[in-house]
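The first residue of the sequence shown is numbered 1, and numbering continues consecutively from there. Every heavy atom of this structure was used, including side-chain atoms; hydrogens, water molecules and symmetry mates were not. Numbering of ligands and ligand atoms starts at 1, following listing order.
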Amino acid sequence: MAGTYTFTIIKPGAVANEHIGPIINVINSNGFHISALKLIRLRTAQASKFYEVHKDRPFYKDLIEFMTSGPIVVAILEKENAVDDYRKLIGNTDPSKADEGTIRKLFAQSVQKNAVHGSDSDENARIESDFFFSKSERFSIFDERDF
Ligand code: CMP
């Protein structure tokens with residue numbers, strides 16, 4: 001069965017442009033429940049670890065600089081089929097290729113400053129959620145399930 005939660009980041013560009021509220025509104029309007037939420041600023045070591053999978057990519061250094069440039073919002077979102085449905089809602093990594101109505105089409109500035117991150121698998125949703133949130137910071141609506 002597909003997992004019931006995913007993990008998201010509202011990135012520094014979107015936070016700086018006062019898009020936190022509008023993005024959360026789109027998330028809620030599309031049936032996602034916010035189960036954990038906080039505003040934080042990443043240190044370089046944390047960002048490097050979070051994006052380690054991209055460490056050999058040419059954009060890695062710029063990505064780390066950008067992701068540490070200001071506060072971000074991290075959140076866990078719950079919904080049936082959360083990972084796939086949220087990937088559809090955020091749209092293509094490159095906002096110029098994102099469908100109308102997607103979060104990246106609405107709020108992204110560029111491929112790098114693409115407004116939001118969304119987990120790409122249930123396993124990464126678990127790893128990324130655990131990276132930022134302790135059990136006491138998470139409030140599941142599916143409380144009979146593993147969270
Ligand atoms: P995210 O979904 O957070 O995962 C990795 C990030 O790397 C991605 O969003 C973009 O912000 C960034 N990224 C991916 N591809 C490129 C690229 N070609 N140029 C610059 N940044 C990129």
Side-chain angles (χ1 to χ4, degrees), residues 1-135 137-140 147:
M1 188 191 71
T4 54
Y5 70 93
T6 191
F7 169 80
T8 191
I9 300 176
I10 303 177
K11 299 187 183 185
V15 171
N17 286 327
E18 306 293 0
H19 290 151
I20 296 174
I23 289 173
I24 287 177
N25 192 27
V26 173
I27 288 170
N28 282 149
S29 303
N30 282 274
F32 291 87
H33 172 78
I34 293 168
S35 300
L37 184 76
K38 59 189 168 189
L39 183 69
I40 59 168
R41 184 166 182 171
L42 286 176
R43 292 168 188 271
T44 301
Q46 282 175 299
S48 304
K49 190 162 178 240
F50 186 81
Y51 283 113
E52 199 169 16
V53 63
H54 297 300
K55 68 178 189 308
D56 296 326
R57 308 288 285 274
F59 57 80
Y60 180 69
K61 189 169 167 282
D62 283 351
L63 176 64
I64 301 309
E65 269 178 34
F66 170 58
M67 290 303 295
T68 55
S69 67
I72 60 171
V73 172
V74 290
I76 301 175
L77 310 176
E78 281 190 300
K79 183 183 183 297
E80 297 286 355
N81 204 34
V83 167
D84 286 350
D85 285 1
Y86 192 60
R87 299 280 291 182
K88 281 185 205 133
L89 181 61
I90 66 180
N92 196 292
T93 304
D94 180 348
S96 70
K97 296 179 187 149
D99 289 338
E100 290 299 329
T102 60
I103 291 176
R104 284 172 171 159
K105 186 71 177 184
L106 288 166
F107 301 109
Q109 299 157 274
S110 65
V111 178
Q112 182 192 68
K113 298 182 178 177
N114 63 357
V116 289
H117 165 82
S119 305
D120 62 4
S121 66
D122 289 336
E123 189 193 358
N124 281 335
R126 182 181 57 76
I127 292 167
E128 293 169 0
S129 298
D130 291 349
F131 190 90
F132 287 103
F133 293 101
S134 66
K135 293 289 177 199
E137 294 174 314
R138 300 155 71 147
F139 307 93
S140 177
F147 185 53

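Note on ring orientation: taking the six-membered ring where Trp is involved, the planes of Y51 and H117 are perpendicular (angle over 60°, cut-offs 30° and 60°).
Residues M67 and K11 are in side-chain contact: their nearest non-hydrogen atoms beyond the backbone lie under 4.5 Å apart.
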Output, or 'none' if empty, a list of ligand 1-protein atom pairs in which both atoms are N or O and the distance is under 3.5 Å, rounded to 0.1 Å.
unit_1, atom_1, unit_2, atom_2, d
ligand 1, 2 (O), R104, NH2, 3.4
ligand 1, 2 (O), H117, ND1, 3.4
ligand 1, 3 (O), K11, NZ, 2.7
ligand 1, 3 (O), Y51, OH, 3.0
ligand 1, 3 (O), H117, ND1, 3.1
ligand 1, 9 (O), K11, NZ, 2.9
ligand 1, 9 (O), N114, ND2, 3.3
ligand 1, 11 (O), K11, NZ, 3.1
ligand 1, 11 (O), V111, O, 3.3
ligand 1, 11 (O), Q112, O, 3.1

Could you go through residues 105-112 and list every donor-acceptor pair under 3.5 Å that involves a side-chain atom there, pairing it with any protein atom two or more places apart or in another chain?
unit_1, atom_1, unit_2, atom_2, d
S110, OG, Q112, N, 3.4
S110, OG, K113, N, 2.9
Q112, NE2, D62, O, 3.2

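Proximity of the aromatic rings of F131 and F7 is defined here by a centroid distance below 6.0 angstrom, and this criterion is not met.
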TODO: Show your reasoning for whether side chain to side chain donor-acceptor pair (under 3.5 Å) applies to Y86 and T8.
DONE: CA-CA 9 Å; Y86 192 60; T8 191; 2.7 Å; yes
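F32 carries K79 over the face of its six-membered ring, with the cationic atom under 6.0 Å from the centre and within 45° of the normal.
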